[in-house]
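Order of the sequence lines fixes the chain letters, A, B, ..., with proteins taken first and strands second; residue numbering starts at 1 for each chain. The structure presented is a predicted model; accordingly, all values stated were derived computationally and were not measured.
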2 protein chains.
Amino acid sequence: MHVMQVNWDDMRTVLALVRAGTLAGAAEVLGVSYTTVSRRVQRAEGMLGHVLFERHPEGYIPTAEAHDLAAAAKQMEQQEHQLLRQLAGQDQSLTGAFTLTAPELLIQAHLAPLLLEFTNRYPEVELRVKATNDWLDLNRREADLALRISSDPGDTLVGRKLTTQRSGCFATPEIAERAAADPMAVLDWVLFSEQSKPPEAALSQYPNARVRARFDDMVALVAAARVGMGALRMPVFLGRSTPGLVPLPQVATTPYAPIWMLSHRDLQHARKVAAFKDLLVPWFKQYADLFTSL
Amino acid sequence: MHVMQVNWDDMRTVLALVRAGTLAGAAEVLGVSYTTVSRRVQRAEGMLGHVLFERHPEGYIPTAEAHDLAAAAKQMEQQEHQLLRQLAGQDQSLTGAFTLTAPELLIQAHLAPLLLEFTNRYPEVELRVKATNDWLDLNRREADLALRISSDPGDTLVGRKLTTQRSGCFATPEIAERAAADPMAVLDWVLFSEQSKPPEAALSQYPNARVRARFDDMVALVAAARVGMGALRMPVFLGRSTPGLVPLPQVATTPYAPIWMLSHRDLQHARKVAAFKDLLVPWFKQYADLFTSL
DNA sequence: TGCATCACATGCATTTACGCACGGCTCATG
DNA sequence: CATGAGCCGTGCGTAAATGCATGTGATGCA
């Protein structure tokens, strides 16, 4: 009746569907059409002789069997990721893909020349940059090396602190001058979404703060500050390198999360990773003051 | 976010090829043509950017990368097998496939009526019998339940000893009578390939033994004995149930490997497995003397 | 030295899997 | 009650994967 043999890629498909909940979602992840996901699931069910999902208008609901299958597939996925890391980690060539992830504003402010230098020095390496604040999964090898602004880089990855950081408060010269002239006047602010109010270091000097807007994106926040919507707090490296913004007078810097350079243990000795590290470390040592003082 | 991905079935194919050494061998295992194996390997090499095999006239020689890949695929395979056992182990239905493996002569001699009883009692179960002396891999679910004649059933499987056994010496009535009439006359023997000489219990009574032939197959051996090629040693259950053979007079029985009923731990509580066990155990209890005395 | 065998590559026909377009269904919204 | 957005099933044409047949080189044997 049932030849108990499962197609491994069907297992991977079932895992994606259990995770996503809908055919379209799983298809997106897998890079195929949802029609294909549907048919692979049907085939898997036929092979196993078990119903794996309840079809509902809201989506596919996994049965207990599907959860078992997904658990196995998850382990298989781990094996795949480990293998890919292992192969990349043993790669001592200076050719082929190398993927870096870093916050986009860090790249914009300072990293771009370093990237240029890297590509000049190693023209055979195909550099891929993922500029995002999202923490990509280095276990899945979504990147080979990550630069992260964080006080807690976790303990699953290996790396080092490239520099500590401090933050300052910045605004357009007009706003800065007005505030300096009359510290008790109303001072407009734009905040990053997490912050509830302007920093104490600024409030003590300019107590009449008015929050004009909150942004969930740093690029947009900076743009708002540059058109004079208000003052803002940001790491000093950003403030110093943003044209049209100056430090608020009489406001001291405050601590900020440091910058970490991280890679997976399996990849730390891969030649391309090491080569990029060898470029990063001296640069941050030389220009540390860009990140720590106004 | 897209990462470098490998087709999982290509990984399975590489594993098969590492194991088999040749395209044709791997294809045989996978149930595809060797052309397909060749192309899947090429695709995997393209995906990974590594050469996985050295093509030689004698076959495919795996590189270090291929061994890494095979190791990962082996783990994945383990997950698959565990899943299949798990799903089967949870199956509390009395429908669908149930696979039994047992020595063919045990089935021929006694088990056949039990199989009939089982299919009568559970007509929805599709019984599959693998009659072989080979030890099928119950981890891979090549069978759900195994009957094995062995003094060392191993410790990876769970089960119980159904009965102890003793062996006796048998021959055609003509040979048996001639031997009884003149114990010092030459007595012909046919041996199972492992045995170097007839059993001591027989030699002490009939010292003039002549080995006529050795066989690597029990069925063939019995056939030879039945046409009078010589006496032979075999478990008493076989001797008693083989028409045309009688015990050699004045030869005592000797110990023989017991019969074990074994299943994988994951399957021991599956309903179909339990149902078959419930048939086996009382039967062997009732007819134990068939296996222990002449 | 033929001749058979084994292992693999290549070209071609066929089967299989896939993506796309269409339609049905449900649910939230105006 | 109409409408649009999700989400899924089905049919159809196309693209990819597969199997089969054929050819090549290496090896073993009479």
Side-chain angles (χ1 to χ4, degrees), chain A residues 2-63 65-67 69-70 73 76 80, chain B residues 2-63 65-67 69-70 73 76 80:
Chain A
H2 293 122
V3 182
M4 272 296 197
Q5 198 185 356
V6 204
N7 182 302
W8 283 9
D9 277 299
D10 289 351
M11 295 183 68
R12 164 190 257 164
T13 301
V14 170
L15 172 60
L17 184 49
V18 169
R19 282 178 172 153
T22 68
L23 292 182
E28 163 84 27
V29 174
L30 296 169
V32 296
S33 86
Y34 75 93
T35 324
T36 299
V37 176
S38 164
R39 280 183 287 229
R40 286 189 188 162
V41 169
Q42 285 176 31
R43 187 173 51 194
E45 287 180 329
M47 291 278 197
L48 289 169
H50 286 92
V51 178
L52 293 172
F53 295 90
E54 293 171 21
R55 276 74 167 169
H56 281 156
E58 318 90 60
Y60 273 47
I61 312 227
T63 62
E65 286 80 9
H67 278 120
L69 202 165
M76 294 168 75
E80 183 204 4
Chain B
H2 270 251
V3 290
M4 173 163 68
Q5 275 196 168
V6 203
N7 184 301
W8 284 8
D9 276 301
D10 288 353
M11 294 184 68
R12 167 191 254 166
T13 301
V14 170
L15 172 59
L17 183 48
V18 169
R19 281 177 171 153
T22 68
L23 292 182
E28 164 83 30
V29 174
L30 295 169
V32 297
S33 84
Y34 72 92
T35 322
T36 299
V37 176
S38 164
R39 279 182 289 229
R40 285 188 189 163
V41 169
Q42 284 176 29
R43 188 172 52 194
E45 288 182 329
M47 292 275 199
L48 291 169
H50 286 92
V51 178
L52 294 172
F53 294 91
E54 292 171 23
R55 276 75 169 169
H56 280 157
E58 318 90 62
Y60 273 49
I61 311 225
T63 63
E65 286 81 9
H67 278 120
L69 201 166
M76 294 167 76
E80 182 204 4

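For the pair B/E65 (side chain) and B/G49 (backbone), a donor-acceptor distance under 3.5 Å is absent. Side-chain atoms of A/T13 come within 3.5 Å of backbone atoms of A/D9 as a donor-acceptor pair (strictly under, hydrogens ignored).
The separation between B/L30 atom CG and D/dA17 atom P is 17 Å, rounded to whole Å. Following rounding to the nearest Å, A/D9 (CG) and D/dA16 (P) show an atom-to-atom distance of 17 Å. As rounded to whole Å, 13 Å separates atom C1' of C/dA17 from atom CD of A/Q42. Put simply, CZ on A/F53 is 15 Å from P on D/dC7, counting in whole angstrom units. One interatomic measurement links the two molecules: NE2 of B/H56 to P of D/dT24, which rounds to 23 Å at whole-angstrom precision. The interatomic distance linking A/L23 (CG) with C/dC25 (P) rounds to 18 Å, in whole Å. The nearest whole Å value for the distance from the CZ atom in A/R40 to the C1' atom in D/dA16 is 13 Å.
Comparing C/dA7, C/dA9, D/dC7 against the side chain of B/R55 picks out C/dA9 as the nearest.
Of the side-chain N and O atoms in B/Y60, none sit less than 4.0 angstrom from OP1 or OP2 of C/dC6. OP1 or OP2 of D/dA16 has not a single side-chain nitrogen or oxygen of B/R43 nearer than 4.0 Å.
In this structure, the side chains of B/V18 and B/H67 come closer than 4.5 Å at one or more pairs of heavy atoms. Between A/Y60 and A/E54 there is no side-chain heavy-atom pair separated by less than 4.5 Å. Within the 4.5 Å cutoff, side-chain heavy atoms of A/L48 are placed close to those of A/L69. Put simply, the side chain of B/V37 does not reach to within 4.5 Å of the side chain of B/R40, judged on heavy atoms.
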Look for any protein N or O under 3.5 Å of an N or O in nucleotides 19-22 of chain C and output each such pair with its distance, or none.
from   : atom 1 : to    : atom 2 : distance (Å)
C/dG19 : OP2    : A/S33 : N      : 3.1
C/dG19 : OP2    : A/S33 : OG     : 3.2
C/dG19 : OP2    : A/T36 : OG1    : 2.2
C/dG19 : N7     : A/R39 : NH2    : 2.9
C/dG19 : O6     : A/R39 : NH1    : 3.2
C/dC20 : N4     : A/T35 : OG1    : 3.2

